[in-house]
Amino acid sequence: MNKNKDNNKSETWEKFKKKSKSLLVLFWTMFKIGLFTFGGGYAMIHLLENEFVAKKKWLDNDEFFDLVTIAESTPGPVAINCSTYIGYKTEKFIGSLVATTAMCLPSFIIIFVISLFFNAFLANTYVAAAFKGIQVCAVFLILCAGIKMAKKLKISLFNIILFIATFAAMILVSIFNAKFSSIFYILISGAIGLFIYSISYFKGKMKQKTATADLQENVTTDTENDIATNDNCNEEITLSTSDIKNNEITNDNVSSDSYDNEEVKEITTSDNEDLGGEK
């Protein structure tokens, strides 16, 4: 009993240590991303990919691409949505809570400190110069993330047409200075993608039904052919059996005839001997 209790305690302790280590790694990863990334969610995509895909192997390239798409389509910042997903995938609810908190904590601390000295902070020429450099870096990070995502995008006619249409629409909106929210691009593109997917899905279902019906017809035909073949075999076997029986009857008749002939010969011989004796 004591050994079993000790084993259970050791297993529980090992699980606790493993989970704590995983949560600590998750917290530090998200805290580091939130602390050293400037320029918003788009600028963080490159760093998120480097941490989630290249280093930690939490996601593959396709899954990361889908994650960014979902994070951008849902309410909230991209980085926070991504961190919540990664946390839930690795350590369920407690992981999502730790990851989201770690991602938000650096921004909260920095903004809180800046708010205490906001006027003096903005008036500082060194700070203003630093922010100008950060703006250029943020543009580069966004461009780099966009190019990487474009390279990993699967090339198809639908993707090319949708990309060109979206790009042209954005240029026209900028030229004419029209008010068109970027969320409409996402909603319209999602609706078009869902429509195309539905068409291909139903086409696949129809092909599957047709293939299943053809397979059933072939199976039925083969079964009927097998039944007919078996019937022919049974008929042949029946005929062969009847032939065998007829041969047996013929042999029996021949045997009986030969037996009768032998009896006649024996009777004839005995009669001749009797006649000879009488002479």
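Since the model is a prediction, treat every value here as computed from it, not as a measurement. Numbering starts at 1 and runs along the sequence shown.
S83 contributes a side-chain N or O that, together with a main-chain N or O of I80, makes up a donor-acceptor pair within less than 3.5 Å. A donor-acceptor pair under 3.5 Å links the side-chain atoms of T166 to the main chain of L162, judged by distance alone.
Residues that satisfy the ring pair (Phe, Tyr, Trp, His ring centres under 6.0 Å) test with F167, not counting sequence neighbours, are absent from this structure. Every residue meeting the salt bridge (charged side-chain N to carboxylate O under 4.0 Å, His left out) condition with E51, not counting sequence neighbours, appears here in chain and number order: K32, K55, K56.
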Could you walk me through whether L24 and V98 pass side-chain contact (heavy atoms from CB on, under 4.5 Å), step by step?
-> CA-CA 9 Å; L24 185 61; V98 169; over 6 Å; no
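Scanning all heavy atoms of the two residues, the minimum distance from S22 to E91 falls at OG-OE2, 2.7 Å. Considering all non-hydrogen atoms of both residues, S107 and G34 come closest at OG-O, 4.3 Å.
Once rounded to the nearest 0.5 Å, the distance linking SG of C82 with CD1 of I33 reads 9.0 Å. Of the inter-residue distances, the one linking M30 atom CE with T100 atom OG1 reads 8.0 Å to the nearest 0.5 angstrom. Between atom CG of residue L116 and atom CD1 of residue I111 there is a gap of 11.0 Å, rounded to the nearest 0.5 Å. With rounding to the nearest 0.5 Å, the separation of CD1 in I196 from CD1 in I199 is 5.0 Å. Put simply, CZ on F93 and OG1 on T84 are 10.5 Å apart, with the number rounded to the nearest 0.5 Å. In this structure, CG in L48 is found 11.0 Å from OG1 in T29, a value given to the nearest 0.5 Å.
A side chain to side chain donor-acceptor pair (under 3.5 Å) check over residues 187-213, counting only residues at least two apart or in different chains, returns nothing.
In Y88, the OH atom is not crowded: 12 or fewer heavy atoms of neighbouring residues, nucleotides or ligands sit closer than 6.0 Å. Residue-environment remark: CZ (F158) exceeds the threshold of 12 foreign heavy atoms within 6.0 Å.
Between F52 and F64, the ring-plane angle classifies as perpendicular under the 30° and 60° cut-offs.
Residues F27 and L105 are in side-chain contact: their nearest non-hydrogen atoms beyond the backbone lie under 4.5 Å apart. L59 is listed as a side-chain neighbour of Y85, based on a closest heavy-atom distance under 4.5 Å. W58 has its side chain out of reach of K89: every pair of non-hydrogen atoms, C-beta onward, lies at least 4.5 Å apart. Within the 4.5 Å cutoff, no side-chain heavy atoms of I70 are placed close to those of N81. Within the 4.5 Å cutoff, no side-chain heavy atoms of F184 are placed close to those of V173.
Connection of I94 to F31 is established within a shared hydrophobic cluster, with ILVMFWY side chains joined at heavy-atom distances below 4.5 Å, either directly or through further cluster members. Cluster annotation: F176 is not connected to Y185 through the hydrophobic network of ILVMFWY side chains, with a link wherever side-chain heavy atoms come within less than 4.5 Å. The hydrophobic clustering, which links ILVMFWY residues whose side-chain heavy atoms are closer than 4.5 Å, places I110 and W28 together.
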